[in-house]
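Report on one structure; see the data block that follows.
Protein chains get the first letters and strands the later ones, always in sequence-line order, with residue 1 at the start of each. Just so it is clear, the values below take in all heavy atoms, side chains as well, and ignore hydrogens, waters and symmetry mates.
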Amino acid sequence: AAGVIQSPRHLIKEKRETATLKCYPIPRHDTVYWYQQGPGQDPQFLISFYEKMQSDKGSIPDRFSAQQFSDYHSELNMSSLELGDSALYFCASSLKGSMNTGELFFGEGSRLTVL
Amino acid sequence: QQPVQSPQAVILREGEDAVINCSSSKALYSVHWYRQKHGEAPVFLMILLKGGEQKGHDKISASFNEKKQQSSLYLTASQLSYSGTYFCGTDYNTDKLIFGTGTRLQVFP
């Protein structure tokens with residue numbers, strides 16, 4: 001079965017550079033979530049999209065932006081990168097309303113290292 | 001505010017049991033449980049939707065006490081494959097899943 005696809009899997013950037021992470025949800029899933037997980041930390045919710053519209057926002061820095069495209073894939077854009085942005089970034093997808101009926105399906109994550 | 005889990009870490013021998021607790025200062029409408037192995041994605045274990053609900057599969061089960069705003073995850077006869085970090089999560093009736101503080105479980109032979 002198709003899973004959530006994230007790219008790139010690994011990314012190394014310098015401070016103040018820009019990075020873009022991509023997420024391809026499971027087919028027919030209409031909701032995408034982005035999470036940031038630092039070493040030894042729990043995943044922190046960044047932002048979510050339902051049917052290409054932002055549906056909820058968490059602790060996402062102003063330097064970050066995201067969108068969901070017509071084919072339901074999503075991109076997380078991070079600018080003016082800081083050392084503290086180094087983390088594992090997860091994308092998850094689900095069907096709307098599945099917060100109470102099912103699970104979030106997570107991709108394998110994109111590991112960002114900022115030097 | 002995120003749910004708080006206890007204990008923070010558990011060390012077990014194969015075959016031993018463990019209980020992981022998840023507590024919230026706000027009303028819980030549902031509780032999710034996930035397991036995450038190091039460097040991998042969180043994997044869904046189960047969701048509890050109603051107070052008093054209990055669920056389980058294999059030797060992992062959970063209960064949800066809505067009034068106490070708590071949930072517990074029970075692992076019986078632990079196996080090496082149970083090692084990982086366990087997270088509870090809740091949506092606080094929104095469209096986002098907020099993870100708990102996590103419990104690291106290590107099972108040794």
**Request:** Identify the heavy atoms of A:Gly107 and B:Ala41 that sit nearest to each other, and give their distance.
**Result:** O-CB, 3.0 Å
**Message:** So, taking the atom named OG1 in A:Thr31 and the one named NZ in B:Lys96, what distance separates them when rounded to the nearest 0.5 Å?
**Reply:** 15.0 Å
**Message:** Less than 4.5 Å to any heavy atom of chain A: does that hold for the side chain of B:Phe87, its backbone, both, or neither?
**Reply:** side chain
**Prompt:** Is A:Ile60 reachable from A:Leu81 through a run of hydrophobic residues whose side-chain heavy atoms are each under 4.5 Å from the next?
**Reply:** yes
**Request:** Drop me the distance from B:Gln5's CD to A:Asp42's CG, to the nearest 0.5 angstrom.
**Result:** 8.5 Å
**Prompt:** How many angstroms lie between CG in B:Asp91 and CZ in A:Phe45, if you round to the nearest 0.5 Å?
**Reply:** 11.0 Å
**Request:** Assess whether atom CD of A:Glu51 is packed by more than 12 heavy atoms of other residues, nucleotides or ligands within 6.0 Å.
**Result:** yes
**Asked** B:Leu28 and B:Ile98: same hydrophobic cluster, using ILVMFWY side-chain contacts below 4.5 Å?
**Response** yes
**Prompt:** Counting only heavy atoms not in B:Lys68, do more than 12 sit closer than 6.0 Å to its NZ atom?
**Reply:** no
**Asked** Quick check: are there more than 12 heavy atoms from other residues, nucleotides or ligands sitting under 6.0 Å from CG of A:Asp62?
**Response** no
**Rounded distance [0.5 Å steps], OG1 in B:Thr85 versus CD in A:Gln41** = 11.5 Å
**Request:** Would you indicate whether A:Glu108, at its atom CD, is surrounded by more than 12 heavy atoms from other residues, nucleotides or ligands within a distance under 6.0 Å?
**Result:** no
**Item:** A:Tyr33 side chain to B:Leu97 backbone, donor-acceptor under 3.5 Å
**Value:** no
**Prompt:** How far apart are the C-alpha atoms of B:Phe99 and A:Tyr35, what are their side-chain angles, what is the distance that settles it, and do they pass the ring pair (Phe, Tyr, Trp, His ring centres under 6.0 Å) test?
**Reply:** CA-CA 10 Å; B:Phe99 285 96; A:Tyr35 285 85; 5.4 Å; yes
**Prompt:** Any chance NZ of A:Lys15 has more than 12 other-residue heavy atoms, nucleotides or ligands included, within less than 6.0 Å?
**Reply:** no
**Request:** Kindly assign one of parallel, tilted or perpendicular to the pair B:Tyr34 and A:Phe106, based on the angle between their ring planes and the thresholds 30° and 60°.
**Result:** perpendicular
**Message:** Nearest 0.5 angstrom please: B:Leu45 CG to A:Glu103 CD, how far?
**Reply:** 9.5 Å
